[in-house]
Amino acid sequence: MTVVMLCGAWVSGCQGEPWDEPAHEQPGPEAFVAATRQAVLSPELEASLACVETYANAGTCDWAHWSEMVETCGTHEHGELEDGLFLEEVQSGHCTAANWPALSEQLITPRPPLVRMRADCNGASQIVKEVEANGCYALGQTAGASYVEVPIGKAVRLFAGVDCTGTGVSVQTDASFCVTKFANGTSTNDKVRSFRVQDLEAPPSEYRYDCAPEESTCVKNHNNTGRLVDINRKHTVKIVRVSVAGRSTTSMNLIEAQVLAMYDFFQGASRNQISLAEAPTRRDLTAPAGSTCEEAKTYAVRYASPDTFLTVYTMPNGLCSVSRAGARSIYLNGNLLRDHAHETGHVLGLAHGNARNPSGGKDIPYGDASTYMGSFPSDNYNLPQLHWLGWTKKQDLVNVTSAIANGATSTVTLRPVGTNAELAGDLPLGAVWDIPGTEPKERLFISVPKSRLNATNDIEGGTVIVYRSPTCENCTGMAMKSTTKGRFNAKSVNEHALGGLRLKAVGYTLKPVQPGEPNIEDFASVTLQIRR
């Protein structure tokens with residue numbers, strides 16, 4: 001796949017944005033998916049599907065034309081086409097004229113994450129039962145379950161008796177019954193006769209808040225609270241380094257260094273809600289000589305033990321064309337911090353960060369440099385994504401929907417997002433407008449990503465960026481996408497029409513330059529006037 005860059009390479013300080021999906025990233029077929037769908041397809045989704053159909057009819061809905069099709073048909077704009085299934089069907093050669101009626105119906109059908117029981121003690125074995133909803137489920141005497149897949153936000157209790165009775169044990173990550181024991185100390189392997197699925201209960205937290213009817217400036221987070229409590233805790237992590245004869249694989253020490261760097265980022269951005277429970281466990285595996293990417297991955301999944309929040313598989317250099325994300329796993333063909341943060345962002349529930357093309361035409365897939373969920377060097381996730389992950393408090397956002405109704409103007413002063421550090425003071429990180437007439441409901445987030453220019457990308461300090469994103473009520477999986485609608489500098493004297501709003505910068509404050517530091521403007525706040 002070709003990546004057209006304005007600056008040439010993946011380097012610090014790159015002054016442009018890629019215009020297509022990077023060859024090192026894609027969600028895989030095992031990715032857990034965004035389950036919220038429109039009851040009636042939007043005109044935009046219908047048009048995108050019709051466009052893909054022209055490729056299918058022409059015999060070009062294939063991997064060789066994937067990049068062109070994504071941009072031409074705008075598939076990146078729709079969660080239905082972004083959760084990994086469409087990509088897998090294209091790669092497998094199933095996107096044909098004959099298959100298109102069935103495939104298109106499958107793409108728009110809700111696909112919630114499932115609890116799966118498997119026959120052997122690994123995640124690649126045969127599925128013996130899969131369920132979607134909460135409740136108690138039976139396993140027959142001959143089912144022989146030896147492994148369970150547990151989606152983020154769910155807990156599963158395994159029972160030795162029927163009807164969810166008798167001795168039991170609870171798990172909230174994928175678990176091999178070969179190493180899991182009931183409360184009485186006996187093995188669960190082939191001994192589970194029933195199991196109960198339920199949402200994780202969320203303890204009180206200032207990051208999981210309700211909006212009272214009279215709180216017109218409150219911005220509700222529609223992410224499932226069970227998911228939030230599962231994400232925002234101490235994580236256990238396993239690193240699996242996969243080797244194949246004749247190919248090189250990044251050293252274990254270098255892989256672990258990037259995993260630790262990612263968790264330093266998570267700990268800061270989540271405001272200490274996420275951290276490592278312990279040092280990552282490490283395992284080296286050698287797949288059979290001559291293995292393809294999929295064969296090596298399947299081999300690794302078969303022999304890597306589970307019972308962790310996240311498993312990081314690092315594949316041999318050049319064996320796989322793309323990196324991928326699964327339910328609780330990432331499969332990397334690179335070792336940049338961005339690779340780790342991007343793919344793990346999918347595991348946490350984030351979709352891609354796209355960007356409006358300033359020259360008009362189709363939006364730029366993965367073109368948002370203010371988030372790791374683009375295809376560009378970044379410092380953080382963007383504000384809609386930080387909010388979705390439950391990493392902001394009620395006072396960090398102000399809803400201006402009521403304030404600008406009936407032609408009124410709202411004046412707000414924002415502090416830069418930066419690393420999302422919690423600071424003393426009462427300035428919010430962003431203003432939010434609930435876009436009227438959208439279904440599913442969407443919002444505009446207005447924020448200042450950075451206080452000052454650094455070597456990461458070309459976003460200057462004080463730049464105001466406007467994002468469009470879904471509220472994503474009842475979404476699951478890779479759900480929270482965003483698209484930048486435009487940007488402007490805090491010193492701009494013009495009024496900017498972006499995403500249905502008119503915005504004007506009317507003031508800013510700068511931090512004092514510290515002795516010995518370069519004389520770079522460092523913005524402490526930006527004041528905006530917002531109207532419809």
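Closest approach of Tyr55 to Cys73, counting heavy atoms only: CE1-SG, 3.8 Å. Nearest heavy atoms, Ala479 versus Cys472: CB-SG, 3.5 Å. Counting all heavy atoms, side chain and backbone alike, Asp230 lies closest to Ile152 at OD2-CA, 3.3 Å. Between Thr392 and Tyr209 the shortest heavy-atom distance is O-CE2, 4.0 Å. Minimum heavy-atom separation, Ala145 to Val128: CB-CG2, 4.3 Å. Taking all atoms of both residues into account, the shortest heavy-atom contact from Arg271 to Asn420 is NE-O, 2.9 Å.
Judged by distance alone, the side chain of Ser125 and the main-chain N or O of Asn122 form a donor-acceptor pair under 3.5 Å. With hydrogens and angles ignored, the 3.5 Å screen pairs no side-chain donor or acceptor of Thr186 with any backbone N or O of Phe182. Judged by distance alone, the side chain of Arg241 and the main-chain N or O of Thr249 form a donor-acceptor pair under 3.5 Å. With Asn223 contributing its side chain and Trp388 its backbone, the two residues share a donor-acceptor pair below 3.5 Å. Checking side-chain atoms of Ser194 against main-chain N and O of Cys164 turns up a donor-acceptor pair under 3.5 Å. For Thr298 (side chain) and Glu295 (main-chain N/O), no donor-acceptor pair under 3.5 Å exists by modelled atom type. Side-chain N or O atoms of Ser243 include none that pairs as donor or acceptor with a backbone N or O of Thr286 at under 3.5 Å. Of the possible polar contacts, one joining the Gln273 side chain to the Ser270 backbone as a donor-acceptor pair under 3.5 Å is found. Distance alone, capped at 3.5 Å, is enough to place a donor-acceptor pair between the Thr471 side chain and the Lys441 backbone. A donor-acceptor pair is defined here as one N or O able to donate and one able to accept, closer than 3.5 Å; no such pair exists between the side chain of Arg302 and the backbone of Lys297.
Ion pairing between a basic and an acidic side chain is recognised when a charged N comes within 4.0 Å of a carboxylate O; Asp379 and Arg338 show no such pairing. Classification of Arg118 and Asp174 as a salt-bridged pair fails, no side-chain N sitting under 4.0 Å from a carboxylate O. Salt bridge annotation for Glu422-Lys393: present, with a cationic side-chain nitrogen under 4.0 angstrom from a carboxylate oxygen.
Residues Trp66 and Phe86 place their aromatic rings such that the two centres sit under 6.0 Å apart.
Between the side chains of Tyr331 and Thr314, no donor-acceptor pair of N or O atoms lies under 3.5 Å. Side-chain contact, Ser469 with Glu442: no donor N or O sits under 3.5 Å from an acceptor N or O. For the residue pair Asp339 / Ser323, no side-chain donor-acceptor distance below 3.5 Å is found, with atom types taken as modelled. Side-chain contact check for Arg227 and Asn232: no donor-acceptor pair (N or O, by modelled atom type) lies under 3.5 Å. Side-chain contact check for Ser146 and Asn189: at least one donor-acceptor pair (N or O, by modelled atom type) lies under 3.5 Å. Under 3.5 Å, the side chains of Arg208 and Thr225 contain no donor-acceptor pair of N or O atoms. Looking only at atom types and distance, the side chain of Asn457 has a donor-acceptor partner in the side chain of Lys450 under 3.5 Å away. If you check the side chains of Asn253 and Ser251, you find no donor sitting under 3.5 Å from an acceptor. Under the 3.5 Å distance criterion, with hydrogens and angles disregarded, no donor-acceptor pair is assigned to the side chains of Thr484 and Asp368.
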Review point. Can you list the steps and then say if Ser482 with Asn382 is a side chain to side chain donor-acceptor pair (under 3.5 Å)?
Key: CA-CA 9 Å; Ser482 62; Asn382 62 35; 2.9 Å; yes
Point to revise | Working for side chain to side chain contact (heavy atoms under 4.5 Å, CB included), residues Arg443 and Val219 | key: CA-CA 10 Å; Arg443 291 168 163 165; Val219 179; 3.7 Å; yes
Practice item. Start with the C-alpha distance between Tyr467 and Ser370, add both sets of side-chain angles, then the distance that settles side chain to side chain donor-acceptor pair (under 3.5 Å), and finish with yes or no. Key: CA-CA 10 Å; Tyr467 307 87; Ser370 70; 2.7 Å; yes
Point to revise | side chain to side chain contact (heavy atoms under 4.5 Å, CB included) evaluation trace for His342 with His352 | key: CA-CA 9 Å; His342 184 117; His352 288 132; 3.4 Å; yes
Practice item. With side chain to side chain contact (heavy atoms under 4.5 Å, CB included) as the test, would you mind laying out the steps for Tyr313 and Ile330 before giving the verdict? Key: CA-CA 6 Å; Tyr313 294 91; Ile330 61 175; over 6 Å; no
Exercise for review: Begin with the C-alpha distance, continue with both residues' side-chain angles, and end with the deciding distance and a verdict on side chain to side chain contact (heavy atoms under 4.5 Å, CB included) for Leu139 and Lys129.
Suggested key: CA-CA 8 Å; Leu139 275 175; Lys129 192 177 186 70; 3.9 Å; yes
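Atom CD in Gln172 sits 11.5 Å away from atom CG in Asp307 (nearest 0.5 Å). The line from CZ of Arg282 to CD of Glu256 is 5.0 Å long, rounded to the nearest 0.5 Å. Taking CG of Leu319 as the reference point, atom OG of Ser248 lies at 10.5 Å (rounded to 0.5 Å). Atoms OG and CD, on Ser275 and Gln267 in that order, are 5.0 Å from each other to the nearest 0.5 Å. Between Met69 atom CE and Cys61 atom SG the span is 3.5 Å, to the nearest 0.5 Å. In this structure, Thr236 OG1 and Leu276 CG are separated by 9.0 Å, a value rounded to the nearest 0.5 Å.
Classification of the His235-Phe309 ring pair by plane angle, with boundaries at 30° and 60°, yields parallel. Relative ring orientation between His387 and Phe445 is described as tilted, the plane-to-plane angle lying within the 30° to 60° band. The aromatic rings of Tyr372 and Phe265 sit perpendicular to each other, their planes meeting at more than 60°, with 30° as the lower class boundary. Using the six-membered ring where Trp is involved, Phe266 and Tyr263 have ring planes that are perpendicular, over 60° apart on the 30 and 60° scheme.
With Leu332 as reference, Val312 is the one residue of Val312, Thr344, Thr250, Val242 to meet the side-chain contact (heavy atoms from CB on, under 4.5 Å) rule.
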